[in-house]
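Step one of this worksheet: look at the structure below.
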Amino acid sequence: MAMATNYYEDVLDVVRQIPQGRVSTYGAIAAYLGLKSGARMVGWVLNQSLLHSEVPAHRVVNRQGLLTGRMHFSGPSVMQTLLESEGIQVVNHQVMNFQEKFWDPSVELSL
DNA sequence: TGCGTGACCACGG
DNA sequence: CCCGTGGCCACGC
């Protein structure tokens, strides 16, 4: 665990709370944690997490509901398959009914 | 120490 | 609608 900075743990913590059948976004997670600048960092953290942690990284998409991170999984269709197995429809790399499936930590975890 | 790059995002032309 | 640009920041070389 090289230099476990706070945001790293914080990001994983939020991602782990995304319910099955729901998805969140890089920007929403960054905003919730106050990582104002970190939409980009969220993606980076998730990428690193794939190597060692059990994190539902497939439940995080970009602000449009696009599966922009799919190429980082073991196969280009793994992310989509995982989501579909949880009841989320994905067409053309995009989450259907994204608005309904969107899980916003700022709302769901409002403290 | 500096530069290019990236699972992002918003804004402008 | 398709770019280009700026912001943000960690990482590798």
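All values reported here derive from a predicted model rather than from experimental measurement. Numbered from 1 within each chain, the chains take letters A, B, ... in sequence-line order.
Nucleotides B/dT5 and C/dG4 have their P atoms positioned 15 Å apart, rounded to a whole Å. When the C1' atom is used for both B/dA7 and C/dC2, the distance is 22 Å, rounded to whole Å.
Of the candidates B/dA7, C/dG7, C/dC9, C/dG7 carries the atom nearest the A/R40 side chain, counting heavy atoms from C-beta on. Comparing B/dA7, B/dC9, C/dC9 by their closest approach to the side chain of A/H72 singles out B/dA7.
Within the structure, a side-chain polar atom (N or O) of A/R63 is placed less than 4.0 Å from OP1 or OP2 of B/dA10.
In this structure, the NE2 atom of A/H93 is 15 Å from the P atom of B/dA7, given to the nearest Å. We find that CD of A/Q64 is positioned 8 Å from P of B/dC9, with the value rounded to whole Å. In this structure, A/L46 atom CG and C/dA10 atom P are separated by 16 Å, rounded to whole Å. Look at CG on A/N47: it is 9 Å from C1' on B/dG6, rounded to the nearest Å. Note: CE (A/M41) to P (C/dG7) measures 16 Å, nearest angstrom. With rounding to whole Å, A/Q48 atom CD is found 11 Å from B/dG6 atom C1'.
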May I have the list of side-chain donor-acceptor pairs in residues 97-105 of chain A shorter than 3.5 Å, sequence neighbours left out?
{"from": "A/D104", "atom 1": "OD1", "to": "A/S106", "atom 2": "N", "distance (Å)": "2.9"}

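Side-chain contact between A/V15 and A/P56 is present, with heavy atoms from C-beta onward closer than 4.5 Å.
Taking all atoms of both residues into account, the shortest heavy-atom contact from A/Y32 to A/L109 is OH-CB, 3.7 Å.
The residue A/I29 sits apart from the nucleic acid: no heavy atom pair falls under 4.0 Å.
Base pairing analysis places B/dG2 opposite C/dC13; the two distances defining the Watson-Crick or G-U wobble pair are each below 3.5 Å. Remark: C/dG6 base-pairs with B/dC9; criterion is Watson-Crick or G-U wobble with both hydrogen-bond distances under 3.5 Å.
Here ring-ring contact (aromatic ring centres under 6.0 Å, His included) pairs that include residues 61-97 of chain A, with residues two or more places apart or in two chains, number zero.
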